[in-house]
Amino acid sequence: MTSQDDLFHPVIELPEATRRARYDRLVGLDDMKLRLRKEAALLADPRRLQAWAANHHGRDVAALNLFTDRAPLFVFAGDVGSGKSALAESFGCDLSDYLNLPVYLYRLKLATRGSGLVGEMTSLIGDAFTHMHDAGRRATGAHGVRSVQILVVDEADALVQSRAAQQMHHEDRAGVDAFLAGIDGLAGAQVPVIVVLCTNRVGALDPALMRRAAATFTFTRPDDYQRHAVLTQALQGLDIGSGTINKLVELTGPSIDRPGYTYSDLTQRLVPAAVFHAFPDRPVRDDDLLALAEELQPTPVFTEER
Ligand SMILES: Nc1ncnc2c1ncn2[C@@H]1O[C@H](COP(=O)(O)OP(=O)(O)O)[C@@H](O)[C@H]1O
Ligand SMILES: [Mg+2]
């Protein structure tokens, strides 16, 4: 069996200051955050649902049964640079506050795959789920759940591709199957483990996987309002005029020949580029930002051919 260090990046206990700040800075995902909090809370600790039914309906309700066999899987799909990884690795902070329990963040090392050994991908995934299962079991006691474990499988593009995909290597198909088996094993076990799978290839997602997911969240590029919020936040303290921010919102939006900026185009390219222009001799000026917004090309939309 693969050791924990070979399977996962170092496990992180949440809440943690950096990740909480990252969670708070994510714009335009409020509906998702709220839904995720509720879904995750119920998956992690189904007793809360019974308590709610007893409280508000005075008894058990039939609807509760609908929740028992749900797989503890969330799929985060959509455009690059739209907050999938950032949310996957930080929503545990919110969940921890909400449940008043520690949350442990596990991130699968998918990099281990591809060394070419047949069956390696399959056993990697199988072992990872076994680890999570054990951790979940250890966190479950007579008086309920003591902690929640979140497993993030990021950049799972190859893994989740439809098994029908022609060009799909045999090894990868086995990977999807192993993943599905792992999820199914968790679903019946009633352990506080939640799996989040992130992928840019929403179109290529395996249907069996989509069916299992408790929820699939689709991440998109920011609209005008969201770009305004991100820019205002990112430019805070630089004395940029509100007229300039409005102009930037316009310049970074979609046009006939190209898509709009992604969130990360704004936070990791446009604003840092303006800072580098000015550093170290002068302050950032409105014109720097406007010129850069004219010049920088947004990240192309991810298409299946690439
Ligand atoms: N919704 C958002 N609100 C604010 N910033 C965002 C948002 N989405 C992405 N970003 C910025 O872009 C960076 C990269 O996002 P990331 O989560 O890695 O994208 P993805 O995993 O979807 O490709 C984040 O660290 C953050 O700075
Ligand atoms: Mg990512």
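For ligands, and for the atoms within them, numbers begin at 1 and follow the listed sequence. Computed from a predicted structure; not experimentally measured.
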Which atoms of ligand 1 are found less than 4.0 Å from any heavy atom of [X]?
X      : result
Ser264 : 12 (O), 13 (C), 14 (C)
Asp79  : 22 (O)
Val27  : 1 (N), 2 (C), 3 (N), 4 (C)
Ala86  : 17 (O)
Thr267 : 11 (C), 12 (O), 26 (C), 27 (O)

Exercise for review: Flag this pair as yes if the NZ/CZ of Lys33 is under 6.0 angstrom from the six-membered ring centre of Phe91 and inside a 45 degree cone about the axis; otherwise no.
Suggested key: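 No cation-pi geometry.
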List the closest protein heavy-atom neighbour of [atom]: residue, atom name, distance to the nearest 0.1 Å.
atom                    : value
atom 2 (C) of ligand 1  : Tyr263 CD2, 3.2 Å
atom 18 (O) of ligand 1 : Ser85 CB, 3.8 Å
atom 25 (O) of ligand 1 : Gln268 NE2, 3.8 Å
atom 20 (P) of ligand 1 : Gly81 N, 3.5 Å

**Study point:** Closest to atom 15 (O) of ligand 1 among Ala77, Gly83, Gly28 (heavy-atom distance)
**Key:**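 It is Gly83 whose heavy atom sits nearest to atom 15 (O) of ligand 1.
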For the pair [X] (side chain) and [Y] (backbone), establish whether a donor and an acceptor sit closer than 3.5 Å, ignoring hydrogens and angles.
X      : Y      : answer
Arg269 : Leu296 : no
Ser90  : Ala86  : yes
Gln233 : Val230 : no

Practice item. Verify the distance criterion only: is there a donor paired with an acceptor across the side chains of Ser255 and Asp257 at less than 3.5 Å? Key: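 Judged by distance alone, the side chains do pair up.
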Check your understanding: Does a donor on one side chain and an acceptor on the other come within less than 3.5 Å for Gln149 and Ser147?
Key ->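 Judged by distance alone, the side chains do pair up.
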Check your understanding: Contact between Thr262 and ligand 1, counting heavy atoms under 4.0 Å?
Key ->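 Per 4.0 Å heavy-atom rule, Thr262 does not contact ligand 1.
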Review point. Quick one: does Ser82 get a heavy atom under 4.0 Å from ligand 1?
Key: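 Right, Ser82 reaches ligand 1.
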Practice item. Answer yes or no: is there an ion pair linking Arg48 with Asp45, defined by an N-O contact shorter than 4.0 Å? Key: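 Yes, this pair counts.
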Review point. Considering only heavy atoms, does Arg25 approach ligand 1 within less than 4.0 Å through its side chain, its backbone, both, or neither?
Key: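 Answer for Arg25: backbone.
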Exercise for review: Please name the pair of heavy atoms, one in Tyr263 and one in Thr220, separated by the smallest distance, quoted to 0.1 Å.
Suggested key: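 So the two residues come closest at CE1-O, 3.7 Å.
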**Study point:** Test applied, side chain to side chain donor-acceptor pair (under 3.5 Å); reference residue, Thr252; option that passes from Arg227, Glu294, His228
**Key:**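 Result for side chain to side chain donor-acceptor pair (under 3.5 Å) with Thr252: Arg227.
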Check your understanding: Can you tell which of Asp79, Asn200, Asp154, Thr199 makes a side chain to side chain donor-acceptor pair (under 3.5 Å) with Lys84?
Key ->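 Going through the options one by one, the only one that passes is Asn200.
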Review point. Would you say Val80 has any N or O atom under 3.5 Å from an N or O of ligand 1, going by distance alone?
Key: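 No, there is no polar N/O contact under 3.5 Å.
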Review point. Would you say Asn200 and ligand 1 have an N/O pair spaced under 3.5 Å apart?
Key: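 No, no N or O pair falls under 3.5 Å.
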Check your understanding: So what's near the Mg ion (ligand 2), protein N, O or S atoms under 2.8 Å?
Key ->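 Listed by chain and number, the nearby protein N, O or S atoms are Ser85 OG.
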Review point. Would a hydrophobic clustering, with Ile, Leu, Val, Met, Phe, Trp and Tyr connected at side-chain separations under 4.5 Å, put Leu34 with Leu95?
Key: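 As far as the 4.5 Å side-chain criterion goes, Leu95 and Leu34 are not connected within one cluster.
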Review point. Aromatic rings Phe129 and Phe179: how do their planes relate, parallel, tilted or perpendicular, breaks at 30° and 60°?
Key: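 It falls in the perpendicular class, over 60°.
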